[in-house]
Amino acid sequence: MEQTVEEKGKVTKTTIRYFLKLLRSSGIPKLVLFLAIVLSLVGAVTGLVVPLITGQFIDNFAADSFNIRMVGFLAVLFLLEAVASGLSYYMLAYVGNQTVNKIRKRLWTKVLALPVPFFDKHRSAETMSRVTNDTNEVKTLITDHLIAFCSNLLTVLGAVAILFYLDWRMTLIILIAVPVGFGILMPIGGKMYKISISMYGQLAQLSAMLTQVIGEIRLVKASNAERREEKSGYDDMDSLYRFGMKEAKINSVLIPLMSMVMVVLLVVIIGYGGVRVSSGALSAGELVSFILLLFQIMFPFSQFATFYSQLQKVMAATERLRLILEYEPESDDRAVRMAPEGHRDVEFKEVTFAYHEGETILSEVSFAIPAKKVTALVGPSGSGKTTVFSLIERFYAPSGGGIYFGSEAIRDYTLESWRRKLGYVSQDSPLMTGTIRDNIVYGREEPVSDEEIAEAARLAYAEGFIEALPRGYDTEVGERGIQLSGGQRQRVAIARALLRKPDILLLDEATASLDSDSEHEVQKALNNLMVERTTVVIAHRLSTVVEADQIIVLEKGQITGSGTHEELIRNHPSYVEWAKKQFQTGE
Ligand SMILES: Nc1ncnc2c1ncn2[C@@H]1O[C@H](COP(=O)(O)OP(=O)(O)O)[C@@H](O)[C@H]1O
Ligand SMILES: [Mg+2]
């Protein structure tokens, strides 16, 4: 359902209402907007007066000789129009930029508050484009179109009135051309709009594909998949090309047609006007005024068409923004309490959970994680171990049952206070762009002393490799910096967790992808981290499991056993099998 929003973009009442609400709630600077409107109307009126004065000037010029006053007046008018339109343009740009900046900030805040399931459903390139492109459409509408539309409307209405006053017969001839013009323009405009929407979608698809391929370039090269990616890029680009040519085809008919209509109109006016002038019904100056006014109208008319298509674009963008802005944020409304300091047991009570309705991942799972002990979670891949962690972190909410900290449900705690208690080290520890120091202190708001950082790095067994780097803690990592090895990244993550001092530690196969050297180091670092903490470890090595105080066996979303290693070896057949396999693979 959500995909179809892009294709819409109809200017419906509800969308317009939502759009206006959006503008209002983003605190559009009203006074500046008002001044801008007034100024642009001033500009429009002077724009109308100039042709009249010019006409009179010509008539007088023929009669008396040179009229210096008239010239001066004309010059002042020109100046007034220029200053008014310049100022109003600047003010509008201010309003537009100000508004889009506020909308963007609001959107960014909202995106950060969106729950994890949102990001499961929407591609990240899509969400990025909401914050950058869609907001830009709104800005363009305000700065380039909205007020221009008002002043254009005034210009056209005023000009038509003056034209009637000057010569109603000639004006009627022109007005006949208007519906003809609209009859041609409207259907073509609709077609153009459809093309531009498809082009937009195609462009988004291309950029999503590029992001993916460029981001995973190593995989592409290692799999010899360049040809394949080349082809899928070519396909996207070719269809962009086809849309571009469709647009060109329409334009190649439309543009000459438009100028033809204009030329014909002009010829008719000048021809017929000449007759009227020679018969004395119209003065030469009036004819000049007439033609100048006609030019004044042409431009606004062509702008009406672009205004409408921009409006449609913004409506489509608004619908997409609405999807995000009205999405339920990570709910905090039931949370009244701060998570308490200190340690308590964490308990799952009949927790049921599904990512998608009908596909139950955990069904009525109950178990306890004793405070300050080590609990190992074992089970085949896909059995729901990581899901258990996600639920503890409240990335998702269980659909049945509850998770408790001592006697209190964790969903009653504010998200921030609960997550502050948690430390999470995953298999593939991600780093943010920045220095190693930035990465170690990431998430700590209060300033951290160098000694504290060094101590954390020492306990994380990261000190050695960091100090061996030429720039030490100031070494850039991530996209543009050096690449750290898996074990090094892991130890940076452990140092970060040490600084956070979490009460509850979640380790998701933290040493699974490491070679035995770095595994050894990381394991020592983890042992430092686990001291005096409630630890849950998704385990795959027998050594970790044997040392755990409690082992929970998870299979197909159900607990099939729990106890110590000895207990499980005695009475849990699939655990025995698992342990045997681990033993054979080198432990
Ligand atoms: N974000 C998600 N959206 C939908 N399904 C998911 C998501 N994450 C995991 N799953 C599914 O949930 C099941 C359990 O996954 P997971 O908890 O990661 O298992 P484990 O960590 O034990 O290997 C798997 O079948 C997996 O496909
Ligand atoms: Mg997992």
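Predicted, not measured: the structure shown is a model, and the values here were computed from it. Whatever order the structure lists ligands and atoms in, that order sets their numbers, starting from 1.
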Give the C-alpha distance, both sets of side-chain angles, the deciding distance and a yes or no for salt bridge (charged side-chain N to carboxylate O under 4.0 Å, His left out) between Asp450 and Arg437.
CA-CA 9 Å; Asp450 283 353; Arg437 184 196 312 276; 2.9 Å; yes

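For a heavy-atom separation below 4.0 Å, the residues in contact with ligand 1 are Asp120, Tyr355, His356, Ile361, Pro380, Ser381, Gly382, Ser383, Gly384, Lys385, Thr386, Thr387, Tyr396.
Residues forming a salt bridge (charged side-chain N to carboxylate O under 4.0 Å, His left out) with Arg123 (at least two apart in sequence, or on another chain): Glu126. In terms of the ring pair (Phe, Tyr, Trp, His ring centres under 6.0 Å) criterion, residue partners of Phe348 (sequence neighbours excluded) are, by chain and number, Phe367.
A salt bridge links Arg458 to Glu455: one of the charged nitrogens lies within less than 4.0 Å of a carboxylate oxygen. A salt bridge does not link Arg419 with Glu393: every distance from a Lys NZ or Arg NE/NH1/NH2 to an Asp or Glu carboxylate oxygen is 4.0 Å or more. The existence of a salt bridge linking Asp238 and Arg242 is excluded, since no basic side-chain nitrogen approaches an acidic carboxylate oxygen closer than 4.0 Å. Ionic pairing of Arg471 and Glu476 is not present here: no N-O contact between side-chain nitrogen and carboxylate oxygen is shorter than 4.0 angstrom.
The environment of CD in Gln212 is sparse: at most 12 heavy-atom neighbours from other residues, nucleotides or ligands sit within 6.0 Å.
Around the Mg ion (ligand 2), protein N, O or S atoms at less than 2.8 Å comprise Thr386 OG1.
The backbone N or O of Ile103 lies less than 3.5 Å from no partner atom in the side chain of Ser26, so there is not a single donor-acceptor pair.
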